[in-house]
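Have a look at the structure below before the remarks.
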Amino acid sequence: MSRSLRAELLAWLLLPLVAVVAFNGWTLRLDATRTADLITDRTLLASARVIAEQVKESDGRVESLIPPSALEMFASPDREKVIYRVLSPSGELIAGFPDVVEPPKPPQGLEPAYYEGEFRTEPVRAVALAQPVISKVYGGNALVIVATTLHGRDRLVNEIWQNSLRDQLLLVGVAALLALLGLRRGLAPLLRLRDELRSRDPESLKALEPDRVQGELRPVIDALNHALERVRAYILLQRRFVADASHQLRTPLAVLKTQIAMARQDDDPQLRREALSAIEGGVGSMGRLVNQLLTLARAEPGGAAMRKEQLDFGTIARKAVEGLGIIAFDRNIDLSFEAPDAALPIYGHVTLLHELVVNLVDNALRHIPEGGRVAVRLASSDAGILLVVEDDGPGIPEADRERVFERFNRLAPSTVEGTGLGLAIVKEIVAAHDGAIVLMETQPPPGLRVEVRLPTADAAAKS
Ligand SMILES: Nc1ncnc2c1ncn2[C@@H]1O[C@H](COP(=O)(O)OP(=O)(O)OP(=O)(O)O)[C@@H](O)[C@H]1O
Ligand SMILES: [Mg+2]
């Protein structure tokens with residue numbers, strides 16, 4: 001499922017905000033209740049004081065007159081019930097309702113005590129106030145209790161609370177709107193980039209401009225561009241391979257076609273046989289060419305995924321040289337091979353390493369005059385494996401030693417058959433194994449000495 005960045009960012013912004021508002025709403029309600037209680041308590045105390053002032057002794061009896069103003073204080077649209085009770089110092093009910101809630105504990109001294117309770121199933125808030133009675137008969141305090149129902153208080157709490165909660169919710173709404181606008185503006189470059197990528201020509205691998213997005217997104221664009229660059233290089237490689245292959249195959253195919261047509265016309269069996277063996281030779285060299293092209297495609301960076309393994313370079317080189325013995329024999333060349341007894345561990349691709357040796361020795365065998373000498377030597381050192389292929393042919397002039405590594409580049413005039421891919425392949429293989437190759441003059445000249453250095457398996461593992 002695809003996730004929306006905008007929704008996610010908005011959620012991360014708004015959910016904590018809603019949580020904060022909820023917490024704030026709760027504390028707000030507590031505060032509102034406290035404030036409303038304070039107001040109720042003031043009125044309760046004032047009313048209790050007015051009643052208390054009227055408690056006096058007359059004719060040896062404690063009496064209490066309830067002045068109307070003491071109850072009018074509570075007048076409100078909420079039809080609040082006001083209940084009171086006055087007890088004489090001896091505990092006798094002298095005014096009010098007998099069932100008014102008792103305070104949980106009697107007031108300390110003359111300090112009023114506030115408390116909550118129930119009066120006939122209705123919740124009430126009450127004050128208990130001690131009033132000293134000056135009398136010769138009685139000593140002590142009368143107790144005045146005034147209680148009121150809480151409709152007014154609850155309404156006040158709700159009003160305070162709801163109003164500010166509404167304001168806060170409004171604030172969250174405005175914040176959401178602003179956040180949405182901000183996100184839209186903030187994400188606009190990214191969305192523009194998406195649209196640009198969508199509407200792109202499928203062939204286009206042009207890099208994206210990193211300046212068009214915010215700094216935080218630049219690494220993403222850079223990585224994308226990097227990937228595009230690699231794709232471009234890979235496509236270029238494929239195109240070049242196809243172009244190379246078709247170019248190189250066109251001529252021999254045309255030649256083959258002519259040879260076949262001619263063979264068909266020839267009635268003389270001898271001539272026919274000759275034509276057929278020419279065709280066989282042509283097919284053989286085309287096979288070699290196809291092989292070379294495939295090797296090249298495989299060795300190139302980004303070419304077919306290379307599976308490297310632990311190998312012994314000595315064995316590979318020996319096999320490659322042995323395979324070329326027939327050419328040496330054919331051209332009467334003294335081909336020698338020298339290698340240390342110990343294994344030469346290398347971490348590499350077996351086919352590619354085989355091709356490396358074959359191409360170098362093949363060059364030496366074919367580019368020198370008949371009857372010459374070719375020596376292949378292997379050595380190992382701390383620096384790695386050293387492969388030397390030396391011949392006593394004409395060598396390669398210093399000015400051409402770079403050029404011969406390019407594809408299809410051959411030294412003119414060359415009477416030797418070939419396509420000029422051999423050294424290009426060698427160079428790619430050496431690079432694919434993190435090695436190095438140098439062409440130099442033999443001592444004494446003339447002749448070509450090729451030195452290839454390859455890291456041993458241990459060195460390759462460390463790097
Ligand atoms: N040992 C050598 N002695 C003299 N010249 C050489 C030697 N090796 C290579 N060259 C020169 O370098 C050129 C490039 O060699 P490369 O192996 O790339 O191509 P090639 O041998 O001509 O063709 P291919 O190997 O594709 O069949 C050769 O054409 C040849 O002129
Ligand atoms: Mg060659």
Side-chain angles (χ1 to χ4, degrees), residues 240-241 243-253 255 281-300 317 320-321 323-328 330-337 351-377 387-432 437-452:
R240 206 166 66 175
F241 174 73
D244 285 359
S246 60
H247 174 260
Q248 290 311 113
L249 289 172
R250 205 158 25 207
T251 319
L253 272 174
V255 172
V283 171
S285 63
M286 264 177 68
R288 188 172 122 88
L289 178 64
V290 168
N291 259 339
Q292 276 185 322
L293 286 169
L294 284 177
T295 313
L296 198 56
R298 224 181 281 153
E300 269 168 336
V321 173
L324 293 167
I326 183 80
I327 304 180
D330 212 31
R331 305 199 67 223
N332 194 22
I333 289 170
D334 171 15
L335 174 60
S336 66
F337 178 76
T351 324
L352 296 185
L353 290 173
H354 178 85
E355 279 309 299
L356 165 74
V357 181
V358 166
N359 272 295
L360 290 178
V361 179
D362 174 79
N363 274 354
L365 290 175
R366 294 195 304 130
H367 293 294
I368 66 170
E370 286 196 16
R373 268 194 348 188
V374 174
V376 182
R377 280 194 295 272
L387 162 71
V388 180
V389 181
E390 234 178 3
D391 63 53
D392 59 355
I396 298 176
E398 196 167 351
D400 292 318
R401 286 186 198 150
E402 284 286 318
R403 201 165 67 80
V404 285
F405 283 112
E406 288 165 23
R407 292 157 171 234
F408 307 119
N409 245 339
R410 314 187 65 217
L411 294 188
S414 180
T415 48
V416 185
E417 247 192 64
T419 49
L421 274 175
L423 285 179
I425 291 174
V426 165
K427 192 179 165 193
E428 295 287 357
I429 296 175
V430 169
I437 179 164
V438 204
L439 303 184
M440 54 183 90
E441 214 165 43
T442 47
Q443 292 306 327
L448 183 73
R449 178 183 166 96
V450 185
E451 280 190 15
V452 178

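Just so you know, ligand 1 is whichever comes first in the structure, and atom 1 is the first atom listed for that ligand.
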Flag [X] as yes when one of its N or O atoms lies below 3.5 Å from any N or O atom of ligand 1, and as no otherwise.
| X | value |
| --- | --- |
| Ile396 | no |
| Asp362 | no |
| Asn359 | no |
| Leu411 | yes |
| Asn363 | yes |
| Ala424 | no |
| Gly422 | yes |
| Pro394 | no |

Under 4.0 Å from a heavy atom of [X]: give me the atoms of ligand 1 that qualify, with their elements.
| X | value |
| --- | --- |
| Arg366 | 27 (O) |
| Leu448 | 1 (N), 2 (C), 7 (C) |
| Ala364 | 1 (N) |

message = Strictly distance-based, threshold 3.5 Å: is any side-chain N or O of Arg377 a donor or acceptor partner for the main-chain N or O of Glu390?
response = no
